[in-house]
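Heads up: the structure comes next, in structure tokens.
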Amino acid sequence: MVKQLCFYEWTVLCHLLLLVAVCSKKHGNPANDLVDIINNNRTSQKLPKLNDSPGLGCMALQYVELCKGNCSTGNAVNCKPPDDDFTEVFAPNCGVELPTFGTITGHMVGCKTKYLEPSQAFSDVLVKDKKALSLLRNKSHTEVGVGLVGFHKSFFWCVLFSDGKTNSTFVLDDHGEGIRQKKGCFSGSTYTCSDGEKTKTGLSVCNILMAGLLYIYYILQNFYHC
């Protein structure tokens, strides 16, 4: 009987560790995951990886922040900010040092009326046709940044590309320490994604499950001396 209970204890412990791994991944930064997917697609074609630029990522988030609420039925964003907004609005809001502002060589924007995991957002929203795939695989790109945000149950994604040099273009003041985004997330950031109700709901479920497993583990450990 005791051996069987000890077996249950190890089973509970394994499930607890698995749950911690799953929950931590789910509530990380999907913008970083999208950068990984983009780079994997490029390297599969023997193209170099793109540098993950926090400066570009933050401006990509600024882009979709400005355009949120403009999602058409075809998952297209009906919004095109003026070019001046990049230097006069997005860069200052992110703390991008203006002397380091480089050339943006392309961008992809898309939306969906529900949240999609990074791999699905990549294939169903951002890279839906040959034109987008050709842009992604452009040999002039050297840097990439991704931003995403949720708004009234719709989600918006933006990818910005640049031909700048690593650590010398789109440089953030104080390494971006002053940035505290309240909504959404961007690649290259050390902060987790804040996507409103989805994160709060998912996090509470994880907490409840982990608390339950911890309680069972405590009972087995202390009362049956496994």
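Basis for what follows: all heavy atoms, side chains included, without hydrogens, waters or symmetry-related copies. Nothing here was measured: the structure is a model prediction, and the numbers come from that model. Just so you know, residue 1 is the first one in the sequence shown, and it goes up from there.
Looking at N39, its side chain never comes within 3.5 Å of a backbone N or O of K49 through a donor-acceptor pair. Using modelled atom types, one side-chain atom of T142 and one backbone atom of G164 make a donor-acceptor pair closer than 3.5 Å. Counting only distance, with no hydrogens or angles, the side chain of D85 and the backbone of P81 share no donor-acceptor pair below 3.5 Å. No donor-acceptor pair under 3.5 Å is formed between the side chain of T100 and the backbone N or O of T169. Between the side chain of D163 and the backbone N or O of I104 there is no donor-acceptor pair closer than 3.5 Å.
Contact check for N29 versus S187: no side-chain heavy atoms found under the 4.5 Å cut-off. Within the 4.5 Å cutoff, the side chain of P30 has heavy atoms near those of the P118 side chain. Residues N51 and V144 have side chains not in contact (no heavy-atom distance under 4.5 Å, counting atoms from C-beta outward). Residues R137 and N41 are in side-chain contact: their nearest non-hydrogen atoms beyond the backbone lie under 4.5 Å apart. S119 places a side-chain heavy atom less than 4.5 Å from the side chain of I37. Looking at heavy atoms from C-beta onward, K112 lies out of side-chain contact with D124 at the 4.5 angstrom threshold. Within the 4.5 Å cutoff, the side chain of Q62 has heavy atoms near those of the C94 side chain.
The only option from D33, L116, L136, N40 that meets the side-chain contact (heavy atoms from CB on, under 4.5 Å) definition with F122 turns out to be L136. The side-chain contact (heavy atoms from CB on, under 4.5 Å) test with V64 singles out one residue from W157, F155, F156, F151, and that residue is F156.
Distance check, rounded to the nearest 0.5 Å: CG of N93 to CD of E88 gives 11.5 Å. Expressed to the nearest 0.5 Å, how far NZ of K139 lies from OG1 of T105 amounts to 15.0 Å.
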Audit row: F86, L160, side-chain contact (heavy atoms from CB on, under 4.5 Å) steps and yes/no: CA-CA 11 Å; F86 283 92; L160 296 179; 4.1 Å; yes
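The hydrophobic clustering, which links ILVMFWY residues whose side-chain heavy atoms are closer than 4.5 Å, places M108 and Y115 together. L133 and L47 are members of different hydrophobic clusters when ILVMFWY side chains are connected at heavy-atom separations under 4.5 Å. Note on V171 and M59: separate hydrophobic clusters, where clusters join Ile, Leu, Val, Met, Phe, Trp and Tyr whose side-chain heavy atoms are under 4.5 Å apart, directly or indirectly.
Taking all atoms of both residues into account, the shortest heavy-atom contact from C67 to V77 is CB-CG1, 3.7 Å. Taking every heavy atom of both residues into account, R42 and H141 meet most closely at NH2-O, 3.9 Å. For V146 against L34, the heavy-atom pair with the smallest separation is CG1-CD1, 3.8 Å. Residues S162 and L56 approach most closely at CB-CD1, 3.6 Å, considering heavy atoms. Taking every heavy atom of both residues into account, F170 and G102 meet most closely at CZ-N, 3.4 Å. Closest heavy-atom contact between D52 and G188: OD2-N, 3.4 Å.
Proximity of the aromatic rings of H107 and F161 is defined here by a centroid distance below 6.0 angstrom, and this criterion is not met.
In this structure, a donor-acceptor pair under 3.5 Å is present between the side chains of S140 and N138. Judged by distance alone, the side chains of T166 and E143 never bring a donor and an acceptor atom under 3.5 Å apart.
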